[in-house]
Amino acid sequence: MRHFVVIGQRATASPDFLLVDIPSTSGRLDVILRALRAALLVSHGVRRDTTVYLVLLGGTRAPRCVRIDGSAARYLRPDERSLATLLKKVLATESSEPGFVPVRTGVAVASGGLEAVLDVLPDAPTFLLEEGARDLRDPALQLCDSVFFVGDHLGLDAGVRALLLERGATAVGLGPVSLHAEDAIAVLSNELDRREAGALG
Ligand SMILES: C[S@@+](CC[C@H](N)C(=O)[O-])C[C@H]1O[C@@H](n2cnc3c(N)ncnc32)[C@H](O)[C@@H]1O
């Protein structure tokens with residue numbers, strides 16, 4: 001199983017953004033939506049072995065987290081507007097229940113920030129994607145069945161980085177170039193696919 005946690009430092013946790021101008025009205029939720037697509041969707045399908053957590057730290061309803069479970073989610077479409085529409089509906093949900101509350105099949109929302117995700121993540125190897133860190137291709141790294149934290153266009157907040165490292169996460173890098181979050185996830189997913197297929201050992 002793969003778990004991705006994408007942290008949007010300013011991405012809105014409110015449904016009041018404009019579908020016709022997502023980047024300017026949502027704290028760059030577009031970055032998070034593309035990361036979601038990269039992590040969960042492949043050509044003509046959904047990665048059923050993958051769960052994605054979106055940590056939304058911007059807007060008046062923040063902090064909130066959305067979980068999309070690839071093993072259960074239905075009718076996910078790869079275009080940004082469709083995913084934005086899904087998020088809009090999910091974020092319009094009102095709930096005071098603790099923890100992740102199901103909104104539709106395979107999709108749930110929680111009040112709270114990163115701690116809401118840390119509470120439910122499996123006990124699995126944890127990595128944070130970081131430019132310049134130890135090369136992901138190091139064969140000693142056991143990457144499969146793991147949790148991966150990814151930053152947005154602003155990167156990972158220093159406090160979050162420190163917390164994750166303190167909890168035993170390993171920082172890994174994907175090469176010398178700073179990538180967009182969705183591209184970093186695509187490169188990582190390809191590495192995982194190849195490892196799982198036995199191509200990289
Ligand atoms: C656009 S980058 C963030 C750039 C930001 N200026 C910074 O300093 O972190 C978005 C995220 O993708 C991941 N990422 C991008 N390039 C990477 C690389 N070469 N190695 C590992 N992770 C990378 C990191 O998680 C990063 O926080």
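First listed ligand is number 1; within each ligand, the first listed atom is number 1. These values consider heavy atoms only, across backbone and side chains, with no hydrogens, waters or symmetry-generated copies.
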*Contacting atoms of ligand 1, where contact means under 4.0 angstrom from a heavy atom of Gly173*: 20 (N), 21 (C)
*List every atom of ligand 1 that sits less than 4.0 Å from any heavy atom of Val150, numbering the atoms from 1 in the order shown and giving each element.*
25 (O)
*asked:* If you take the nearest heavy atom of each of Leu179, Leu156, Ile185, Asp135, which one is closest to atom 2 (S) of ligand 1?
replied: Leu179
Considering both backbone and side-chain atoms of [X], is one of its nitrogen or oxygen atoms within less than 3.5 Å of a nitrogen or oxygen in ligand 1?
X	answer
Gly132	no
Gly175	yes
Phe149	no

*Would you call the rings of Tyr53 and Phe100 parallel, tilted or perpendicular if under 30° counts as parallel and over 60° as perpendicular?*
perpendicular
To check your reading of the model: name the closest protein heavy atom to [atom], its residue, and the distance in Å.
atom	value
atom 13 (C) of ligand 1	Ala184 CB, 3.8 Å
atom 22 (N) of ligand 1	Glu130 N, 3.3 Å
atom 24 (C) of ligand 1	Leu129 O, 3.2 Å
atom 4 (C) of ligand 1	Glu131 OE2, 3.5 Å

Counting heavy atoms only, which part of [X] comes closer than 4.0 Å to ligand 1: side chain, backbone, both or neither?
X	result
Asp152	backbone
Leu136	neither
Leu128	neither

*Is the closest side-chain heavy-atom distance between Thr51 and Arg67 below 4.5 Å?*
yes
*asked:* Counting C-beta onward and ignoring hydrogens, is there a side-chain heavy-atom pair between Val55 and Val5 closer than 4.5 Å?
replied: yes
*Going by heavy atoms, is Val31 under 4.0 Å from ligand 1?*
no
_What's the separation between atom CG in Leu41 and atom CZ in Arg47, rounded to the nearest 0.5 Å?_
9.5 Å
